[in-house]
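Data first, discussion second: the structure below is written as structure tokens.
Quick note: numbers below take in every heavy atom, side chains included, and nothing from hydrogens, waters or symmetry partners. Positions are given from 1, in the same order as the sequence printed here. Quick caveat, the model's predicted, so the values are computed rather than measured.
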Amino acid sequence: MRSAILLVGASLSLLASSAQAQDITDWSGFYAGVLVGYGMDRTQTESTSSIIPPVEAGDDVFYSGSNRFSQERIEGLLGGVGAGYNFQHNQFVLGVDGDINFGDLDKTTSAFGSLTIDDREDGEVFELGQGSDTTYGIDWYSTFALRAGVTFDGWLVYAKMGAAVGNVSSNSTSNFTVASNLPPEDMPLPAGSYSSSANTSQLLFGPTFGLGVEKMLTSNISVGAEYSYVGLPDVTIPQASGIGGGLLGIGGGSDPIEVTSSIHVLKGTLKYHF
């Protein structure tokens, strides 16, 4: 009886080992592929507004104005190519992975302020308005990471961690307007519209990490899905100056603004394994 039990146990162990061996897919070697995905930053769309009610400055002269500010978040499609190499030991897979990505990863910041001086006794009005628009975007970014995972039944589940590098650029425009019914000789500056612009470009470095899953469809083709965090640092962007770099102390440009560059990415992959 004891011998029969031992024989059954040995047979089950052999069958389990055989089934496990059949479930292990070979992921070792070089691979290359394409990817498509969607990226967004952590900053939700923000908007603030405040209205300055008319304030009497004396002698029937009143001041009033408004300020508005809004900032979108990075949100858009991306695509790219990638390659890497896997080392496999039994069910455990280690590897190195790299990719380069391009896409519509832009955000816009807008601000507007106005000031009105109303002399109600003389019927004279002097109005100033200044608006600025800044477009900021990730032109491209690359990640280089180590991967570690487990394979079973043709699937590979993995985690990754590494470094990211990306080029970001911005374009800022400032528009300043003056309108009044004052006589020209009483105007502190001529009526009209004025504009200026400023551009920046810089390379950023940061960490990246993520989780993913792949499925081997054939001996050479796999598809996958991945979440990754690309931790490019925040950037301070100078704004375009006002007219004449601050003529008469009016419209002298806005303070620099800080924007978020780090993004969360969801992407699908199609890879060929050599």
Beyond-backbone contact of W27 with S222, side-chain heavy atoms, under 4.5 angstrom: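 Touching, per the 4.5 Å side-chain cut-off.
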
Does any non-hydrogen side-chain atom of W155 lie less than 4.5 Å from one of V213?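 Yes, side chains in contact.
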
Transitive ILVMFWY side-chain link [X] to [Y], under 4.5 Å:
X	Y	answer
F126	L115	yes
L35	I138	yes
L128	I117	yes
L156	L211	no
V165	F102	yes

Side chain to side chain donor-acceptor pair (under 3.5 Å) partner of S169, chosen from T135, D139, D106, N199: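 It is D139, the one option of T135, D139, D106, N199 that forms the side chain to side chain donor-acceptor pair (under 3.5 Å) with S169.
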
Residue that, paired with H264, satisfies side chain to side chain donor-acceptor pair (under 3.5 Å) out of Y38, Y229, Y227: Y227

Would you be so kind as to tabulate the donor-acceptor pairs closer than 3.5 Å made by side chains of residues 143-150, with sequence neighbours excluded?
{"residue": "T143", "atom": "OG1", "partner": "D99", "partner atom": "OD1", "Å": "2.8"}
{"residue": "T143", "atom": "OG1", "partner": "D99", "partner atom": "OD2", "Å": "3.3"}
{"residue": "R147", "atom": "NH1", "partner": "E214", "partner atom": "OE2", "Å": "2.9"}
{"residue": "R147", "atom": "NH2", "partner": "N86", "partner atom": "OD1", "Å": "3.3"}

Whether over 12 other heavy atoms sit under 6.0 Å from F92 CZ: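 12 or below, so no.
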
Pair K107 + E72, salt bridge at N-O below 4.0 Å: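 Looking at E72 together with K107, the answer is no, because their closest N to O distance does not fall below 4.0 Å.
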
Does [X] use its side chain to pair, donor to acceptor, with the backbone of [Y] at less than 3.5 Å?
X	Y	result
N101	G79	no
T177	S193	no
E127	G129	no

Give the minimum heavy-atom separation between S261 and V235, together with the two atoms involved.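 S261 and V235 have their closest heavy atoms at OG-CG2, 3.5 Å.
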
Side-chain donor-acceptor pair under 3.5 Å between [X] and [Y], yes or no?
X	Y	value
T218	N220	no
T134	S170	no
D97	Y31	yes
Y85	S28	no
S174	Q130	yes

Could you walk me through whether S110 and D133 pass side chain to side chain donor-acceptor pair (under 3.5 Å), step by step? CA-CA 5 Å; S110 299; D133 293 289; 2.7 Å; yes

Would F30 and F274 count as a close aromatic pair, with their ring centres under 6.0 Å?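 No - the distance between ring centres of F30 and F274 does not fall below the 6.0 Å cut-off.
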
If the test is side-chain contact (heavy atoms from CB on, under 4.5 Å), which one of V259, T200, L204 qualifies with V168? L204

